[in-house]
Protein chains: 2
Amino acid sequence: MTFRPRLLALALLLSPLPLLAADAPAKYRSAQEIIDAAPDGDWHTPAAENLLYMELDGGRVIIELAPQFAPEHAGNIRTLAREGFWDGTSVYRSQDNFVVQFGDADADEAGKAKPLGSAKTHLPAEFQRAAAGLDFTALPDRDGWAAKTGFVGDFAVAGDGEHAWLAHCYGTVGAGRNNADDSSIGAELYVVTGQSPRQLDRNITVVGRVLEGMELLSTIKRGPPPMGFYDDAAQRTPIRAIHLASELPAGERVPLQVLRTDSKSFADAVEARRNRVDGFYKRAAGHIDLCNIPLPVRVLPN
Amino acid sequence: MTFRPRLLALALLLSPLPLLAADAPAKYRSAQEIIDAAPDGDWHTPAAENLLYMELDGGRVIIELAPQFAPEHAGNIRTLAREGFWDGTSVYRSQDNFVVQFGDADADEAGKAKPLGSAKTHLPAEFQRAAAGLDFTALPDRDGWAAKTGFVGDFAVAGDGEHAWLAHCYGTVGAGRNNADDSSIGAELYVVTGQSPRQLDRNITVVGRVLEGMELLSTIKRGPPPMGFYDDAAQRTPIRAIHLASELPAGERVPLQVLRTDSKSFADAVEARRNRVDGFYKRAAGHIDLCNIPLPVRVLPN
């Protein structure tokens, strides 16, 4: 837990000679400066078959699926997207400081529910998986909810050594379910828009995360408390379509890249956030929570 | 860290006789059930001189000031409200997953800045205070950002034993400043609308929290990245007025009450959230973070 200005002052005090440039502690760089300077090799392009383009009247939301954690749900969601299941559906719930939820608002009404096409109508719960076999980049700080936290690919992950699971952070996408563990099929999805509801971890199948366009979901007018389901269907936010990027011609795909969470640039950016010593911050936290770390995303020029 | 269904199963297994009602573990009650059943004595009415009514076109936001932590800022904010400083100003910044900020959008422009009336133009920084003398109700779980967390009155508080400070949670209201510690006077205020930015704790003067109407602030259209200040003044959200409740006739005040954070009902509701064993949750977290605890607020019938 370093607090660099003090270390710098100490170094100056102890130095018998004027510091040479080569001896000077590295100048503090902000997370943004580190990200802006990251070499191209520290960025990666997510697989097109894992990217959903959600088209709203206000713009596009891009969601990345996490088949390493929820392979059955990811497969079913791909089927639903290919067959246009969500085209013409809506965001039918917005609960302040919690989630928006979307899909078929009439899913629970016999006779009115939208046909699921060739999607599976039953899936196993995918709340967690074996920790073995994952390329896990651990964070240095303790977390109250889990023994370990860090990243696997583009995803915030928690674990206990034996199992690992996707954590509920801002922008996390999960599969709504009824009371039974295995009552989700990925047709009704929610996105976290509030303070990280980590109590949901390992209680529900997380299927991915939003990479772009969160501000379109987070500002959706809230429905009535406590749950935020709209009483009036006219208040729902229409979904024009949700398509898989891999189903679109290459020229219509967004040239989006994500900073690799196992790169030095990412580690340096996390450290710069843990210990901020720019002109504004007076006291470095020496800590960061898993859900306080934004995932850097960039769109390359076409 | 109890997990009640297992304890219940164990009790049934070990019991040589059928359990009598008096021996049965208490039935799980949700936080909402506990709050709904809280006796009137567990609720309190915040002092009218600490309540700000912020009037937006979409409705009213109610902010409670925290003079125990920021007496100088609270005093200046009362002066500004009494003299109508914010009437006709705006929410001029909305940064996704961070804050909205409001006040005089031209505050930094010489010649255009709105006069501050009899408000003070310089205040000391009030980032923290002595822990002694506070009625602190501690939470049971560990926190990565601070040695202690809990509540003082209606406010989420962190501390190190010697000092205590208001924590940056969803709905926290702070005083915007420039780089100097003591450059805030309470005229430009921000409200946290995203994941708790605890790195700001002890770096800025927190002045209070939103009690009602967060959904009006959290859904304000985001301004352009990275900071969310609008380029176009027309995108700002107008503030009709901000008044102190104590300046209004008693009949025009909202009969608002807050569950006492030192009450048994509040402690029971926190425990019900730490260990959820309703039909939906399959695995109790056995933990809760400071900023995951909502403050129960009710409005009495007139």
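Proteins come first, then strands; the chains are lettered A, B, ... in the order of their sequence lines, and each starts at number 1.
Contact of the A:Pro225 side chain with the B:Glu215 side chain is not registered, since no non-hydrogen atoms from C-beta on lie closer than 4.5 Å. For the pair A:Tyr281/B:Asn179, no side-chain contact is recorded, criterion being any heavy-atom separation below 4.5 Å from C-beta on. Using a 4.5 Å heavy-atom cutoff, the side chains of A:Cys169 and B:Gln195 are not in contact. Proximity of A:Asp141 to B:Trp145: side-chain heavy atoms (C-beta onward) are nowhere separated by under 4.5 Å. A:Asn97 is not listed as a side-chain neighbour of B:Met214, based on a closest heavy-atom distance of 4.5 Å or more. With contacts defined as side-chain heavy-atom distances shorter than 4.5 Å, the pair B:Asn292/A:Gln199 qualifies.
Only the backbone of A:Asn178 comes within contact range of chain B, judged by heavy atoms closer than 4.5 Å. With a 4.5 angstrom heavy-atom cutoff, A:Pro197 touches chain B only via backbone atoms. For A:Asp278, no part sits under 4.5 Å from any heavy atom of chain B, backbone or side chain. Of the two parts of B:Leu216, neither the backbone nor the side chain holds a non-hydrogen atom closer than 4.5 Å to a non-hydrogen atom of chain A. In this structure, no portion of B:Asp201 lies under 4.5 Å from any heavy atom of chain A.
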task: For side chain to side chain contact (heavy atoms under 4.5 Å, CB included), just list the numbers for A:Arg198 and B:Asp289, CA-CA rounded to whole Å, side-chain angles, deciding distance to a tenth of an Å, and then say yes or no.
output: CA-CA 9 Å; A:Arg198 297 279 306 278; B:Asp289 274 353; 5.8 Å; no
- request: Applying side chain to side chain contact (heavy atoms under 4.5 Å, CB included), run through A:Arg283 and B:Gln128 and close with a yes or a no.
  value: CA-CA 12 Å; A:Arg283 187 182 270 109; B:Gln128 59 181 7; 3.7 Å; yes
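The shortest non-hydrogen separation linking A:Thr219 to B:Ile220 is CG2-O, 3.6 Å.
Between A:Tyr170 and B:Asp96, the side chains place a donor N or O and an acceptor N or O closer than 3.5 Å (distance only, hydrogens not considered).
Between chain B and the options A:Arg177, A:Gln32, A:Arg273, A:Arg222, the largest number of non-hydrogen pairs under 4.5 Å is found for A:Arg177.
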